[in-house]
Amino acid sequence: MADVKALQQERISIYHDVFDNKIPKRVPVNLSFALEVVAQYGKLNLVEAQWNPEILEEAADKMCRKVYSDVCVFSGTFRFPSFYQALKSRSFVMSSIGFIQHPEVIGMLPEDYDYLIEKPYDCILERVIPRQYEAFDLDDPINTVINFTKSMLAYNNDFMQAGMIIGKMTEKHGYYPGSLFSGGFTEAPFDLLADQLRSFKGISMDIRRMPDKVAAACEALYPIAFKKGLPAKPSKYAPVFIPLHMPTFMREKDFEKLFWPTFKRMVEEYASMGVHCNLFCEDDWTRYLDYLYDLPTDTVLMFEYGDPKLIKEKLGKKHIITGLYPIMNLKTKPTEECVDEAKRYIDILAPGGKYIFGFDKNPLLLDDINLESYCAVAETVRDYGVYSNPGETAGMEFNKEDYKVEPSRKFESKYYKTWDQYKALNPEVSDFGSPKLQGLEEAVFQYIMYLMM
Amino acid sequence: MTDWTHLTEAVGELNEEEVLKILEEFIASNPTEEEAQKVVSACQSGMNIVGERFEAGEYFVGDLIFAGELLNEAIGTLKPVIGSASDKKVGSIVLGTVHGDLHDIGKNIFRSMAEAAGFEVHDLGIDQPVEAFVDKVKQVKPQIVGMSGVLTLALEAMKETIDGLNAEGLRNNVKIIIGGNPVTKEVCEHVGADAWTTNAAEGVKICQGWVN
Ligand code: B12
């Protein structure tokens, strides 16, 4: 028990050192498996485990004992079937093998732009959600309320159950009790518009046909995207996770005009509150490294592809780098080669600090990797990634005072009320109710926007 | 004899307005079917330019998607004057996203570029079981089978699909190309395909190399 506590202290200090611009004792091993992989490892039925996450505890514990990591090896999932299927989602559906995915579907039509720009949250609720979630049927309001309630209760329940397993494992195995996601989760305004609203194809057409509307829509979505990610308790150790989807599929001039301005402002606005972002730079960001450099100090940048040397050279003193190690190695290459490759990544990326070890993508199923190679790589990072100069200063220092942003549009909608607005309409409700009712208002907002991400 | 280079260029430039203007003027001139076929070819050649620019890093996936739509629109506009005289196909491809994976953006891009290059493409759709590939190959006897997958979980499915073709004695009658984000040289060897690419334009070239 004392050992576990000591190990947890070590883990807390290596993660905190990274955010305190200090060289840690060793490179944090930031590896975890999603629910599906753990279910397969425990020989559980994949679909059953997604419906009843509580049955995963034993398998999760077994996986934690098998694989070394500084964070909980079981990471849960973003996508439970319960809350998507209760609302008859068209945008998150299960494939034939029981893995939930997002097919290309359109939630917003080109003719909806003007309304989106005028009243973004109203447009999402009145037009986009009913298209993407068939059980949210405006012609059948009472059943819609029932379906919606079932979905939200399932959402709360399933995330809590997975969270309880993570909490238990964290205590039992002495993991770092935080994560690179713990501040919150949101998307760049442009990606919010692209992924679920206009679709990959739709946005690719709009960029050329109506770029001005795209730009205005990103401005309109800004306050929603910002609010979605805003941590309840801002902390420099709890980054907001933002996966980045569309930039590498765009021309630079479109990226610069349409994607970057609202996104950069968002990261800076969080920085001005002392909050970092964890950006998953999906695909190959080589041609955008200079843009990334301009983001606030200590932004966590997780890369999928790119040259680790170049990335370290250009960004390594200012930002925290993670990702890059190709997970496919673990399927196609012998274990010794995988281990050598891990040392090579550490040799390039660890010097000077501001580095956390991670893969370029997470395996989706157990078959995606050779588990023995995975374990060998994890242990290599733990044992090989040791610094000789812990405690020294690592690169540039973050100061939240350096970041100021122009005020943006306010979040306003008839479907969301601040306490004052609510109180004006319901003067009989006591102010003692404020934290509770406002908390619920907030929870509904969070859930609704989760459906859109 | 009209020279259609400017149309080819307008398609290559992805200048939608210009392409549609040229095509509307053309239709208004009451063209013959033969002339119309030439215009179709001119549009398809424009797709070559798009493919080259993509390979050169001037265009990106979003531009390929736009180009595919533009070509659809152009052919749609020309429909009334093209007639039934179907042009000769250079080869045929059975294409699909393998089981477990629901993605089709990359597959659809490859399909429209392969069609523009004169291939007949039999598109099975997404999340397709092994039998769907086997049955279609038996039925249409293509030269080429193309498989797509965006998620790493598609790779075992590709292997199973190829094993399935093997078990039915069909493997040696076709060339197999795989595409999609997680595909690499090692994956190609692992699953037993003949070629791999994460670039649709290069994929079309590989297929052309096989049928010539
Ligand atoms: C956009 C995107 C999304 C969008 C999808 C929007 C949509 N309408 O499809 C959204 C945001 C919804 C999304 C969701 C998720 N995603 Co996603 N996503 C991506 C991203 C950034 C791009 C994928 C894409 O569409 N590329 C564009 C297409 C055109 O590229 P392509 O398929 O490779 O096709 C090209 C070539 O390969 C070729 N080609 C394709 N097929 C074929 C076939 C033949 C025969 C030939 C010759 C050529 C060819 O032609 C194309 C043009 O050159 C990738 C990152 C990446 N590097 O790809 C992650 C990625 C695919 N997603 C990933 C994940 C994990 C998810 C989620 C599970 C996350 C989550 N927990 O919710 C969800 C759900 C899964 C899903 N995608 O359904 C992971 C998958 C990891 C893995 N182990 O495989 C990736 C790789 C990101 C990462 N590094 O982790 N995603």
Side-chain angles (χ1 to χ4, degrees), chain A residues 36-37 40 46 91-105 194 199-209 246-255 258 282-284 286-287 304-305 326-334 337 359-369, chain B residues 13-17 20 53-54 57-70 72-73 97-109 112 125-132 149-160 181-191 198:
Chain A
E36 293 87 348
V37 179
Q40 289 188 318
L46 192 54
S91 57
F92 288 94
V93 295
M94 215 177 242
S95 80
S96 57
I97 57 167
F99 190 88
I100 295 201
Q101 297 172 45
H102 173 77
E104 169 88 342
V105 281
S199 81
F200 200 125
K201 182 169 157 189
I203 197 77
S204 301
M205 308 306 291
D206 300 347
I207 288 172
R208 282 171 180 273
R209 285 182 180 159
M246 293 305 295
T248 63
F249 307 117
M250 300 162 71
R251 293 175 297 179
E252 184 178 341
K253 61 175 184 183
D254 297 328
F255 168 79
L258 303 176
E282 299 191 22
D283 197 34
D284 187 345
T286 304
R287 62 195 167 101
E304 185 173 0
Y305 305 126
I327 192 94
M328 283 317 299
N329 281 1
L330 304 180
K331 185 177 182 72
T332 56
K333 295 187 179 166
E337 262 180 59
F359 292 115
D360 66 334
K361 35 186 159 283
N362 281 320
L364 301 180
L365 295 177
L366 196 55
D367 264 350
D368 288 359
I369 51 163
Chain B
E13 289 292 328
L14 299 178
N15 186 339
E16 187 177 28
E17 235 174 275
L20 295 183
R53 294 201 179 164
F54 177 67
E58 290 164 40
Y59 279 169
F60 300 93
V61 164
D63 305 298
L64 296 184
I65 293 173
F66 188 86
E69 273 306 287
L70 180 59
N72 278 346
E73 232 183 330
T97 302
V98 293
H99 63 270
D101 200 325
L102 302 182
H103 292 83
D104 57 4
I105 299 167
K107 170 182 73 63
N108 294 348
I109 292 174
S112 63
I126 55 175
D127 200 0
Q128 289 299 313
V130 176
E131 309 83 66
V150 166
L151 304 176
T152 44
L153 56 80
L155 304 177
E156 277 310 300
M158 289 179 177
K159 188 168 189 315
E160 286 163 21
N181 178 47
V183 162
T184 61
K185 178 165 144 278
E186 287 82 13
V187 167
C188 181
E189 284 161 17
H190 175 78
V191 306
T198 51

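Letters A, B, ... are given to chains in the order of the sequence lines, protein chains preceding strands, and every chain is numbered from 1. The structure displayed is predicted, hence computed values, not measured ones.
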>> So which residue, A/Arg287, A/Met250, A/Lys201, A/Glu104, ends up with the most heavy-atom pairs under 4.5 Å with chain B?
In response: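 Option with the top pair count is A/Arg287.
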
> Does any heavy atom of chain A fall under 4.5 Å from the side chain of B/Leu64, the backbone, both, or neither of them?
Replying inline: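 Neither; nothing under 4.5 Å.
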
>> I'd like to know which of A/Met94, A/Glu36, A/Arg209 tops the heavy-atom pair count under 4.5 Å against chain B.
In response: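 Among the listed options, the one with the most contacts to chain B is A/Arg209.
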
> Quick one: what part of A/Thr248 sits under 4.5 Å from any heavy atom of chain B, side chain, backbone, both or neither?
Replying inline: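 Answer is backbone: N, CA, C or O of A/Thr248 sit under 4.5 Å from chain B.
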
> Tell me, side chain or backbone of B/Ile105 under 4.5 Å from chain A's heavy atoms, or both, or neither?
Replying inline: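 Just its side chain gets close to chain A.
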
> How about residues 97-104 of chain B versus chain A: which residues have heavy atoms under 4.5 Å apart?
Replying inline: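 The list, in residue order, reads B/His99, B/Gly100, B/Asp101, B/Leu102, B/His103, B/Asp104.
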
> B/Glu16 versus chain A, heavy atoms under 4.5 Å apart: side chain, backbone, both or neither?
Replying inline: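 For B/Glu16, side-chain heavy atoms alone lie under 4.5 Å from chain A.
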
>> Counting heavy-atom pairs closer than 4.5 Å to chain A, which one of B/Glu189, B/Glu69, B/His190 comes out on top?
In response: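 Result: the option with the highest number of such pairs is B/Glu69.
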
>> If we ignore hydrogens and angles and just use 3.5 Å, is the side chain of B/Asp127 paired with the main-chain N or O of A/Ser96 as donor and acceptor?
In response: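 Yes, because the side chain of B/Asp127 sits within donor-acceptor range (under 3.5 Å) of the backbone of A/Ser96.
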
> Does the side chain of A/Phe200 come within less than 4.5 Å of B/Val61's, by heavy atoms?
Replying inline: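 Yes. Closest side-chain heavy atoms under 4.5 Å.
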
>> Report which part of A/Leu364 has an atom under 4.5 Å of a heavy atom belonging to chain B: side chain, backbone, both, or neither.
In response: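 When you check distances to chain B, atoms from both the backbone and side chain of A/Leu364 fall under 4.5 Å.
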
>> Would you compute the distance between atom CD1 of B/Ile65 and atom OG of A/Ser199 and round it to the nearest 0.5 angstrom?
In response: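 Between atom CD1 of B/Ile65 and atom OG of A/Ser199 there are 8.0 Å.
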
> So which heavy atom on B/Val187 is nearest to which on A/Met328, and how close?
Replying inline: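 Of all heavy-atom pairs spanning B/Val187 and A/Met328, the closest is CG2-CE, 3.6 Å.
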
>> Looking at every heavy atom in both B/Phe60 and A/Phe249, which two are closest together, and how far apart are they?
In response: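 Reported closest heavy-atom pair: CB-O, 3.5 Å.
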
> Taking B/Leu151, B/Leu155, B/Asn108 one by one, which has the highest count of heavy-atom pairs under 4.5 Å against chain A?
Replying inline: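 Greatest number of close heavy-atom pairs with chain A: B/Leu151.
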
> Roughly how far, to the nearest 0.5 Å, is the CD1 atom of A/Ile327 from the OG1 atom of B/Thr152?
Replying inline: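 CD1 of A/Ile327 is found 7.5 Å from OG1 of B/Thr152.
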
> How about B/Val150 and A/Gln101: do any of their side-chain heavy atoms sit closer than 4.5 Å?
Replying inline: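 B/Val150 does not reach A/Gln101 side chain to side chain.
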
>> Any donor-acceptor pair under 3.5 Å linking the side-chain atoms of A/Glu304 with those of B/Asn181?
In response: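 On atom types as modelled, these side chains qualify, holding a pair under 3.5 Å.
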
> Could you go step by step and tell me if B/Asp63 and A/Arg208 meet the side-chain contact (heavy atoms from CB on, under 4.5 Å) rule?
Replying inline: CA-CA 9 Å; B/Asp63 305 298; A/Arg208 282 171 180 273; 2.6 Å; yes

